[in-house]
Amino acid sequence: MSGEIHGRRLVLVTVGIMLALFLAALDQTIVGTALPRIVAELKGLDYYAWVLTAYLVTSTIMTPISGKLGDLFGRKPLLLVGMVGFVLASALCGQAQDMVQLVAFRGVQGLFGGVLFSSVFASIADLFTIERRSRIQGLFGGIFGIASVVGPTIGGYLTDNVGWRWVFYVNVPVGLAAILFVLFTMPRTEHNATWRDIDFVGAAALTAGLAPLLVAFSITRDHAWGSPEVLGLLGVGALMLVVFYFIERRTDHPIVPFVLFKNRTFAVSVLAGFLVAVGMFGAIVYVPLVYQGVLGIAATNSGLLITPMMVGLVLGSITSGQLMLRIKRYRYLGTFAMGLVALGTFLMSGISTDTQQIEVVRDLVIVGLGVGITFPLYLNSVQSAVEPRYIGVVTSQIQFFRNVGATIGTAVLGSFLSQRLPTNITARIDALNLPAQFKQFAPSGTGNIQTLFDPASLAAARAAVPQAFGQTFDAVIVAVRAGLAATLHDVFLAASAAALLALVASLFLDDVPIRMRQRGRNIPEAAPAFGD
């Protein structure tokens, strides 16, 4: 498609695609702020985690499926279906009358969110030559950063001033604008595919394998890894994925062409993306615990203090896109990036109650730069290493493995947190040798740790303590913060270890030629693409 549109029309279609990405990215961050209010109104605390899990599971499953469909039928129809479905599902979420309905509608919303994620980055490959694509991907990487920063703020404002249902309704005007941009400006790709080319059996097997697998990792927050529920779901998921593998080897149009894993560029890129997602989400998910729980910073300010990571992400993405066009051995950009992520998360493992805010900001900038470098690096190298008919598949696979890495990483790191936090807090409180009269006021385990994240609750708890024990109460709070810091030390060390594994993997990347010329569609100038 590159070379078919220029000037104003190209700008407009790019804006439409960016809005589509913003639509999907914003929904990942805006809902969390409203969840406590939603649970209070719909009376469904047992379904709290499933509002997020349902979206995550269905969007992850749909990402590789929609990537293949985009290769068969073109990116424009997939983008339009994704946006229309996402807007309608958002309206349904806003109309939910109980938590079961909300979870079901969030699952539907996730399906179309997966379509958007896979189609957006493949569309960039269709619309731009590699030189222009490398420059513009920094802007698309910035969409994630903007969504991460403004999402919680918008969610909190809408929940407090208009009502939690508007957290979902806000998607409607953004989605309608994106639909109009894409509908009237994006060219449609000619294709010869029919519905008979769709791998329905493979899609069913993939869903049957991924759904229980992702749910198993998600429920480790409140189930032991050795529990029958987790082990049973993992077993079913693994079995169905084996079935999926054999199905894909025997179909003409597989969702996942396993022959691609023979391409070292593709194999290394998906592995590195999987591992770096663990480190990235280790920082993003648990940094609020550092700011609010360990350092005692208000929630609003802690949200703003994660902005430097997103600035680093955008700068890293833009810089990487430029450098990989000029450096022959660009694989070492990935090695350098993984080193930055490992360094940043390792530095964060040393955070204590005495750590200064500027030190955390420094660490986040380092992590952001590293992650930002990897976004265009592995995406562009993979798109350059395969023939055009695989663009959608490989692009969606990169996103898919990042999603899976984020899910597994969050689950593993979350289990560290839930298992070690009570012990660490109890040990530090016991070390204070509290007076027997005060022990009724002292937090035990994680029972009162939520107090740390709400200044009003913390002030109320201190006011309830007799004046004679005021300083003792303060010492206990410091001990609780220290226990949380000790637990997060293990969490960030695990994230750093994952980044080091990604660093090793990055060394095996093939430096395939990435400078391309226009011939209707992007074709490599030097060396044939994989599959030719």
Practice problem: Check whether any side-chain heavy atom of W225 sits under 4.5 Å from a side-chain heavy atom of F217, and report yes or no. | Solution: yes
Exercise. Search all heavy atoms of T335 against all heavy atoms of L503 and return the closest pair with its distance.
Key: O-CD1, 3.7 Å
Quiz item: Do side-chain atoms of D510 reach the backbone of T265 as a donor and acceptor pair under 3.5 angstrom?
Solution: no
Quiz item: What are the two closest non-hydrogen atoms of M338 and A499, and how far apart are they?
Solution: CB-O, 3.7 Å
Quiz item: Going by heavy atoms in the side chains, are I408 and L214 under 4.5 Å from each other?
Solution: no
Practice problem: Please check if any side-chain donor atom of T63 sits under 3.5 Å from a side-chain acceptor atom of S118, or the reverse. | Solution: no
Quiz item: Going by heavy atoms in the side chains, are D363 and F492 under 4.5 Å from each other?
Solution: no
Quiz item: Any donor-acceptor pair under 3.5 Å linking the side chain of N263 with the backbone of A385?
Solution: yes
Exercise. Please name the pair of heavy atoms, one in L78 and one in S119, separated by the smallest distance, quoted to 0.1 Å.
Key: CB-OG, 3.6 Å
Quiz item: Can you check whether V404 reaches T60 side chain to side chain, under 4.5 Å on heavy atoms?
Solution: yes
Quiz item: Under 3.5 Å, is there a donor-acceptor pair between the side chain of S496 and the main chain of L493?
Solution: no
Quiz item: Are F274 and V270 side-chain neighbours, meaning at least one heavy-atom pair lies under 4.5 Å?
Solution: no
Exercise. Please tell me if the side chains of Y330 and S320 come closer than 4.5 Å, counting only heavy atoms from C-beta onward.
Key: no
Exercise. For the pair T319 (side chain) and G316 (backbone), establish whether a donor and an acceptor sit closer than 3.5 Å, ignoring hydrogens and angles.
Key: no
Practice problem: Please check if the side chain of T395 supplies one atom and the backbone of G392 the other of a donor-acceptor pair under 3.5 Å. | Solution: no
Practice problem: Could you tell me whether D199 and K68 have a side-chain N and a carboxylate O separated by less than 4.0 Å? | Solution: no
Exercise. Evaluate the side-chain proximity of L234 to L213: yes if any heavy-atom separation is below 4.5 Å, no if none is.
Key: yes
Quiz item: Counting distance only, does the side-chain N/O of H489 pair as donor-acceptor with the main-chain N or O of S349 below 3.5 Å?
Solution: yes
Quiz item: Has the side chain of S317 got a donor or acceptor atom that lies under 3.5 Å from a matching backbone atom of L313?
Solution: no
Quiz item: Of all heavy-atom pairs between G114 and S66, which one has the smallest distance, and what is that distance?
Solution: O-OG, 3.5 Å
Practice problem: Determine whether more than 12 heavy atoms belonging to other residues, nucleotides or ligands lie under 6.0 Å from atom CZ of R264. | Solution: yes
Quiz item: Take atom CZ in F258; do more than 12 heavy atoms of anything else shown fall under 6.0 Å from it?
Solution: yes
Quiz item: Short question: side chain of E248, backbone of G202 - any donor-acceptor pair under 3.5 Å?
Solution: no
Quiz item: Is any side-chain heavy atom of Q397 closer than 4.5 Å to a side-chain heavy atom of Y390?
Solution: no
Quiz prompt | Donor-acceptor under 3.5 Å (R106 side chain, A54 main chain) | solution = no
